[in-house]
Amino acid sequence: MVAPRLILVLGDQLTPDLSALAAGDPERDVVAMAEVAAEATYVKHHPKKIAFLFAAMRHFADELRGLGWKVAYTLFDDPDNTGSIPGELERRAKAHGATEILATMPGEHRLIAVLREMDRRVHLLDDTRFLCSPEDFADWATGRRDLRMEDFYREMRRKT
């Protein structure tokens, strides 16, 4: 039997069209979702926003279960909660025998760096929810003296 992979789903990636889910196999893989202090407190948020985010995550986890996925979900007050995404991925990988992690590219450089530093193999997949990739934006920005969103939006309207 082939070892399962973990599929990381972050709180701002709650859609069944996520590239990491598309690359996964519900028969083999385990979705990992976690309410962790490191993500809830790295910048100041209103407590109601955090409560709303956690509620949305819990509902999405239930939706994924309804679609046939195995979901390993960590509640904020779980006594075994490590408090960080890498810690929870490591804990879930050990529990399920996973050696690899699939993740859609996070929107924050801080989290991308943390995932790249993990000891386990992490496959960061393109985030297909956007019309423009970071590489395309970097190409557009190269050589420009001023980066004005108006100019970028005009280019995106031409392309799309």
Side-chain angles (χ1 to χ4, degrees), residues 1-43 45 49-142 159-160:
M1 181 176 175
V2 179
R5 298 170 295 188
L6 288 184
I7 299 174
L8 174 63
V9 175
L10 298 168
D12 63 351
Q13 298 178 337
L14 307 180
T15 175
D17 298 328
L18 199 63
S19 60
L21 291 169
D25 177 0
E27 296 294 319
R28 167 188 175 194
D29 301 324
V30 178
V31 174
M33 298 177 71
E35 302 170 5
V36 294
E39 297 306 309
T41 62
Y42 76 96
V43 294
H45 295 291
K49 179 178 181 177
I50 299 299
F52 178 76
L53 176 65
F54 288 171
M57 289 173 63
R58 292 174 188 185
H59 283 284
F60 187 65
D62 288 341
E63 181 181 337
L64 290 175
R65 287 182 189 104
L67 294 171
W69 288 96
K70 294 179 277 304
V71 179
Y73 193 95
T74 303
L75 296 170
F76 193 80
D77 60 356
D78 179 339
D80 295 324
N81 189 331
T82 64
S84 72
I85 293 295
E88 284 307 296
L89 287 172
E90 186 61 34
R91 182 168 78 101
R92 296 304 185 170
K94 286 178 183 173
H96 295 281
T99 58
E100 296 181 79
I101 298 164
L102 301 177
T104 297
M105 187 68 72
E108 297 183 25
H109 295 289
R110 169 190 61 80
L111 197 49
I112 293 168
V114 165
L115 292 173
R116 286 187 172 148
E117 291 171 3
M118 289 190 66
D119 290 335
R120 292 191 187 269
R121 187 168 181 191
V122 178
H123 302 275
L124 292 174
L125 306 173
D126 289 338
D127 191 341
T128 57
R129 299 173 299 158
F130 296 95
L131 294 174
C132 179
S133 71
E135 295 80 18
D136 288 343
F137 180 79
D139 288 345
W140 174 84
T142 299
K159 284 184 172 183
T160 60

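Using a 4.5 Å heavy-atom cutoff, the side chains of L8 and L10 are in contact. Using a 4.5 Å heavy-atom threshold, the side chains of E39 and R110 count as touching. Under the 4.5 Å side-chain criterion, counting only non-hydrogen atoms from C-beta, D77 is not in contact with E35. In this structure, the side chains of L14 and E63 stay at 4.5 Å or more apart for every pair of heavy atoms. Counting heavy atoms from C-beta outward, I7 and L21 have side chains that approach closer than 4.5 Å. P106 has its side chain within reach of L115: a pair of non-hydrogen atoms, C-beta onward, lies under 4.5 Å apart. Residues V114 and P86 meet the side-chain proximity criterion, which asks for heavy atoms closer than 4.5 Å. Inter-residue side-chain proximity for R120 and L89 is flagged as unmet; no heavy-atom pair is nearer than 4.5 Å.
By the ring pair (Phe, Tyr, Trp, His ring centres under 6.0 Å) test, F54 pairs with F76, sequence neighbours left out. A61 meets the side-chain contact (heavy atoms from CB on, under 4.5 Å) test with M33, R65, V71, Y73; sequence neighbours excluded.
Contacts classified as ring-ring contact (aromatic ring centres under 6.0 Å, His included) and involving residues 114-138 (residues at least two apart or in different chains) are given here: F137-W140, F137-F152.
Side-chain contact annotation: T104 with Q13, donor-acceptor N/O pair under 3.5 Å absent.
Among all heavy-atom pairs drawn from I101 and M118, the shortest one is CD1-CE, 3.9 Å. Annotation for A34 and I85: closest pair O-CD1, 4.4 Å, computed over non-hydrogen atoms. Summarising the geometry of F60 relative to V9, their closest heavy-atom pair is CE2-CG1, 3.9 Å, with the distance given to 0.1 Å. Taking every heavy atom of both residues into account, L125 and A20 meet most closely at CD1-CA, 3.6 Å.
Within 6.0 Å of CZ on F52 lie no more than 12 heavy atoms contributed by other residues, nucleotides or ligands. Around CG of D80, the count of heavy atoms belonging to other residues, nucleotides or ligands within 6.0 Å exceeds 12.
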TODO: Please report the C-alpha distance between I112 and M105 in whole Å, then the side-chain angles of each, then the deciding distance to 0.1 Å, and finally whether the side chain to side chain contact (heavy atoms under 4.5 Å, CB included) criterion is met.
DONE: CA-CA 7 Å; I112 293 168; M105 187 68 72; 3.6 Å; yes
Open item on the list: Let's go through L131 and D136 carefully: what are the C-alpha distance in whole Å and the side-chain angles of both, what is the deciding distance for side chain to side chain contact (heavy atoms under 4.5 Å, CB included) to 0.1 Å, and is it a yes or a no?
Closed with: CA-CA 10 Å; L131 294 174; D136 288 343; over 6 Å; no
TODO: Tell me, with the steps shown, if R129 and D17 meet side chain to side chain contact (heavy atoms under 4.5 Å, CB included).
DONE: CA-CA 8 Å; R129 299 173 299 158; D17 298 328; 6.0 Å; no
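Looking at D126, its side chain never comes within 3.5 Å of a backbone N or O of T128 through a donor-acceptor pair.
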